Amino acid sequence: MQEKFLNELDEGALLALPYLFEFWAMDHQLPPEGDWRSWVIMGGRGAGKTRAGAEWVRRQVEGNLPLDPGRVHRVALVGETIEQVREVMIFGESGILACSPPDRRPEWRATRKMLEWPNGATAQIFSASEPEGLRGPQFDAAWVDELAKWKKAGDTWDMLQFALRLGDAPQVVVTTTPRNVAVLKGILASPSSVVTHAPTEANRANLASSFLEEVRARYAGTRLGRQELDGVLLEDAEGALWRSGDLEACRVEEPGEFSRVVVAVDPPVTGHAGSDECGIVVVGMRGEGAPQDWRAVVLEDASVSAASPLVWAQAALDAMERHGADRLVAEVNQGGDLVESVIRQIDPLVSYRGVRASRGKVARAEPVAALYEQGRVAHLRGLSALEDQMCRMTARGYDGKGSPDRVDALVWALHEVMIEPGAKWMRPRVRTLG
């Protein structure tokens, strides 16, 4: 049957088979269904974003001679510079020319800065450094690459929208490594946009194993790794108490030795699927010298979701055992004595302290944020979920969904090992005369 199928193909189709089968194998990067204006492919380094953009352009323009009715026939290719459009999007090893079968490969017209297909379709190139270059031309499709790093991204994107005015429903594909920039967040928030995430690992068959080993070793478990390898957009809320860059800067590889280790718990009110998370955070502290010399390291975020009281209590006690912690601290505003009774059902002899919040979350978090500003708190890897919440905690409150339970547990832990002992140490001693 396979031989009969091949015999019935013409010469051009036979030449195209290797390209066709490779594209079929990339079904995770096929265009989404439904009506959309912008398709954003956010991917890690080497995830195959360029290939996906090039294949999409091919799907839009390729057809029989003359140009098929209803097909895209004028495309805008926009990159940070003209050179990057030419070297990456067109001539790169994953660019349009490399992806095109011989019988449908477009010609590069250097003097016109344009690709021209055998059926008459064209693709014109533009630099994001010169937004005004998009004033005047008109298109029925566009592919823009690495938009999140453009210096004039907002102006260029606006000019492109005015230029997409041909055909019944002009579309644009954005291939980019995510960054926390306004123009990208605006596109993602639009109801006419769809998003595809592409982690670096998805394209491991086409990447050097040494590259993957190196970047995993260096960036796994960090916020930078989530952005550059997993293709996740990491946002810092306006007025956030913690910033992504600062958290990356406080990263350490080895925890060292500690004077104290505590596990702090922020229990949920209920324990079903819709409940808040149970924040469980482990912190170690070195307390030699005066309080200004004390240092802390966040060792683990052991938080659990949709957990019953016995499940989260066991998770907290397990974290104590893993790290040799000397105390368990738990907020009791919601559960009161029940919190301690649940924990002691499992371990009657555990060193336990219940703490009650008398101030709001922001008031408790601000002195902890000050410790970070002073360079007195460090993070091990693997704390990305906690760090995401930290970057959504602002002076106005939590700018995220649900409750910042991981941050609450962190705050209780650092109050226990740094802030409260430091305040007692600094308290003036009253001398009596006798």
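Quick caveat, the model's predicted, so the values are computed rather than measured.
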Taking only Lys NZ, Arg NE, NH1 and NH2, and the carboxylate oxygens of Asp or Glu, determine whether [X] and [Y] approach each other closer than 4.0 Å.
X      : Y      : result
Arg74  : Asp140 : no
Glu387 : Arg251 : yes
Arg353 : Glu416 : yes
Glu55  : Arg51  : yes
Asp408 : Arg364 : yes

So which atom in [X] and which in [Y] form the shortest heavy-atom distance, rounded to 0.1 Å?
X      : Y      : answer
Ala302 : Ala319 : CB-CB, 4.3 Å
Ala54  : Ile96  : CB-N, 3.8 Å
Val339 : Glu331 : CG2-O, 4.1 Å
Leu134 : Ala163 : O-CB, 3.9 Å
Val263 : Ala325 : CG2-CB, 3.9 Å
Ala307 : Val304 : CB-CG2, 3.7 Å

Would you say that [X] contacts [Y] through its side chain, given a criterion of any heavy-atom pair below 4.5 Å between the two side chains?
X      : Y      : result
Arg37  : Leu164 : yes
Trp312 : Glu277 : no
Leu184 : Val40  : yes
Met418 : Pro291 : no
Val173 : Ile41  : yes
Leu328 : Val265 : yes
Thr177 : Arg45  : yes
Val283 : Val297 : no

- request: State which residues pass side chain to side chain donor-acceptor pair (under 3.5 Å) with Asp347; sequence neighbours excluded, sorted by chain then number.
  value: none

- request: For Ser190, check side chain to side chain donor-acceptor pair (under 3.5 Å) against everything at least two apart and list the hits.
  value: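 Result, side chain to side chain donor-acceptor pair (under 3.5 Å) vs Ser190: Ser192.
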
field: Criterion side-chain contact (heavy atoms from CB on, under 4.5 Å) on Trp150 and Thr156, from CA distance to verdict
entry: CA-CA 9 Å; Trp150 295 353; Thr156 305; 3.7 Å; yes

A quick test of your reading: do over 12 heavy atoms of other residues, nucleotides or ligands sit less than 6.0 Å from [atom1] of [X]?
X      : atom1 : value
Asp35  : CG    : no
Glu130 : CD    : no
Phe91  : CZ    : yes
Glu321 : CD    : no
Gln345 : CD    : yes

Spacing of [X] atom [atom1] and [Y] atom [atom2] [to the nearest 0.5 Å]:
X      : Y      : atom1 : atom2 : result
Asp399 : Cys391 : CG    : SG    : 11.5 Å
Ile90  : Leu115 : CD1   : CG    : 4.0 Å
Phe139 : Gln124 : CZ    : CD    : 4.5 Å
Ile343 : Met320 : CD1   : CE    : 9.0 Å
Met393 : Glu366 : CE    : CD    : 9.0 Å
Met285 : Trp294 : CE    : CH2   : 4.5 Å

Hey, does the side chain of [X] reach the backbone of [Y] with a donor-acceptor pair shorter than 3.5 angstrom?
X      : Y      : result
Arg344 : Val350 : yes
Gln60  : Ala141 : no
Asp326 : Val261 : yes
Ser193 : Leu188 : no
Arg406 : Leu383 : no
Arg295 : Arg376 : no
Thr50  : Ser94  : no
Thr394 : Gly239 : no
Gln171 : Trp36  : yes
Lys49  : Gly44  : yes

Modelled atom types, side-chain donor and acceptor of Thr175 and Trp143, under 3.5 Å: yes

task: Take Leu160 and Val172, measure what side-chain contact (heavy atoms from CB on, under 4.5 Å) needs, and give me the verdict at the end.
output: CA-CA 9 Å; Leu160 179 62; Val172 56; 4.1 Å; yes

message: Quick one, Lys361 with Ser403, criterion side-chain contact (heavy atoms from CB on, under 4.5 Å). Give me CA distance, side-chain angles, the key distance, then yes/no.
response: CA-CA 10 Å; Lys361 295 180 185 295; Ser403 176; 4.0 Å; yes

- request: Would you sort out whether Leu380 and Glu300 count as a side-chain contact (heavy atoms from CB on, under 4.5 Å), showing the intermediate values?
  value: CA-CA 7 Å; Leu380 290 183; Glu300 184 183 358; over 6 Å; no

